[in-house]
Amino acid sequence: MKLVVAVVQDQDSNRLAGALTKNNFRATKLASTGGFLRSGNTTFLIGTDDSKIPQLLDLIRDNCRSREQLVSPVSPLGGNADSYIPYPVEVEVGGATVFVLPIEQFHHF
Amino acid sequence: MKLVVAVVQDQDSNRLAGALTKNNFRATKLASTGGFLRSGNTTFLIGTDDSKIPQLLDLIRDNCRSREQLVSPVSPLGGNADSYIPYPVEVEVGGATVFVLPIEQFHHF
Amino acid sequence: MKLVVAVVQDQDSNRLAGALTKNNFRATKLASTGGFLRSGNTTFLIGTDDSKIPQLLDLIRDNCRSREQLVSPVSPLGGNADSYIPYPVEVEVGGATVFVLPIEQFHHF
Ligand code: NI
Ligand code: NI
Ligand code: NI
């Protein structure tokens with residue numbers, strides 16, 4: 001048994017939660033912000049058997065991996081028109097930071 | 001010294017917090033949702049000496065154990081009257097998922 | 001590699017977050033309440049190499065250490081005038097509770 005702590009971006013959070021449920025992993029979500037990743041994070045606590053760790057890591061990587069995304073800039077209403085870029089730009093989104101923790105006891109009441 | 005991570009339902013959260021304080025356990029509460037248990041969870045982080053782990057587990061079990069509860073169904077205003085059950089039903093409430101983690105260092109500043 | 005869990009008071013949280021960023025520590029913040037410290041806490045999760053643990057502990061201590069602070073009492077509008085103290089009083093603020101956890105695996109996707 002291990003406790004897996006995964007910090008993922010909010011935009012990937014629902015997709016990961018769905019994938020975990022579908023694959024019978026039991027997780028709890030903690031609201032979190034900033035730091036490991038850009039702002040707006042969710043921290044998942046997932047308890048799982050050692051034998052399922054590779055499957056779990058695959059799920060996290062598949063649903064949260066860092067990737068480039070085209071973002072259409074918002075028109076600078078009242079903003080700085082000089083720095084306005086009138087075409088979509090690539091930004092890096094996603095990414096996950098994952099810690100696998102040993103546990104001494106696990107209980108379910 | 002251990003770090004105990006306990007995920008409990010919101011409805012048991014205040015009672016457990018009171019019991020922890022009364023018994024001189026020091027805990028911090030994290031807002032959390034879904035997964036290990038039905039929606040509306042609280043995650044407690046509790047640092048404690050190894051010798052007090054059995055007492056702590058007893059407190060968590062006594063205050064959060066999964067049990068049946070009679071729930072009076074709400075009248076289906078605008079809902080599906082065909083599936084309306086006009087008498088109280090038993091639902092499972094409560095439950096706790098508890099991880100006892102080893103720690104390498106503990107500091108208090 | 002270690003996972004450091006630090007519970008600090010809200011009033012020290014932004015200063016610590018700034019110090020962590022400035023020193024290239026990567027942290028995520030969890031909203032938390034009560035228990036280890038007086039109400040209004042923030043829990044930081046910080047992943048770091050073993051060699052940087054002493055520096056990290058110094059940062060936490062320097063930014064969050066428990067200390068006395070002079071607080072000007074608020075006038076007891078509609079309150080108990082008998083117990084009103086019309087001069088600043090010293091209260092203890094700050095403080096940090098820190099757990100250093102071993103990890104079995106660390107991944108970054
Ligand atoms: Ni990264
Ligand atoms: Ni259960
Ligand atoms: Ni203290």
Side-chain angles (χ1 to χ4, degrees), chain A residues 1-13 15-16 19 28-68 92-104, chain C residues 1-36 39-50 52-53 55-56 59-60 63-64 96-109:
Chain A
M1 196 79 186
K2 296 288 180 290
L3 178 60
V4 176
V5 178
V7 183
V8 310
Q9 273 202 295
D10 283 349
Q11 66 190 98
D12 297 334
S13 167
R15 189 174 50 229
L16 177 60
T28 195
K29 287 195 289 183
L30 307 173
S32 57
T33 53
F36 283 125
L37 304 161
R38 287 155 294 279
S39 66
N41 298 325
T42 302
T43 298
F44 285 82
L45 302 182
I46 309 154
T48 188
D49 285 333
D50 296 46
S51 63
K52 294 179 75 181
I53 294 283
Q55 184 196 357
L56 174 57
L57 293 174
D58 280 351
L59 281 177
I60 297 171
R61 188 180 46 230
D62 290 350
N63 286 282
C64 307
R65 149 170 46 196
S66 181
R67 69 269 180 193
E68 303 285 307
E92 201 187 345
V93 297
T97 303
V98 184
F99 303 92
V100 179
L101 305 180
I103 67 177
E104 296 209 343
Chain C
M1 196 79 187
K2 295 287 180 290
L3 178 61
V4 175
V5 178
V7 183
V8 310
Q9 272 202 296
D10 283 349
Q11 66 190 97
D12 297 334
S13 167
N14 283 342
R15 189 174 51 230
L16 177 59
L20 292 174
T21 301
K22 193 176 159 189
N23 288 275
N24 297 311
F25 286 102
R26 312 197 78 185
T28 195
K29 288 196 289 183
L30 307 173
S32 55
T33 54
F36 284 125
S39 66
N41 297 325
T42 301
T43 297
F44 285 81
L45 302 181
I46 309 154
T48 188
D49 284 335
D50 296 46
K52 294 179 75 181
I53 294 283
Q55 183 196 358
L56 175 58
L59 281 178
I60 297 172
N63 286 282
C64 307
T97 302
V98 184
F99 303 91
V100 179
L101 306 180
I103 66 176
E104 295 209 344
Q105 298 179 38
F106 171 74
H107 300 277
H108 188 73
F109 301 125

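All chains are named by letter (A, B, ...) in the order of the sequence lines, taking the proteins before the strands, and each is independently numbered beginning at 1.
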Looking only at heavy atoms, the pair that brings C/Val8 and C/Ser13 closest together is CG2-CA, 4.2 Å
Whatever's closer than 4.5 Å to a heavy atom in chain C on A/Leu57 counts as both
Donor-acceptor contact present, side-chain A/Arg61 to main-chain C/Phe109, <3.5 Å: no
Cut-off 4.5 Å, heavy atoms of chain A, and the answer for C/Ile103 is both
If one checks every heavy atom of A/Val5 against chain C at 4.5 Å, the contacting part turns out to be side chain
key: N/O donor-acceptor pair under 3.5 Å between A/Asp49 side chain and A/Met1 backbone   = no
Heavy atoms of C/Gln105 and C/His107 approach each other most closely as OE1-NE2, 2.7 Å
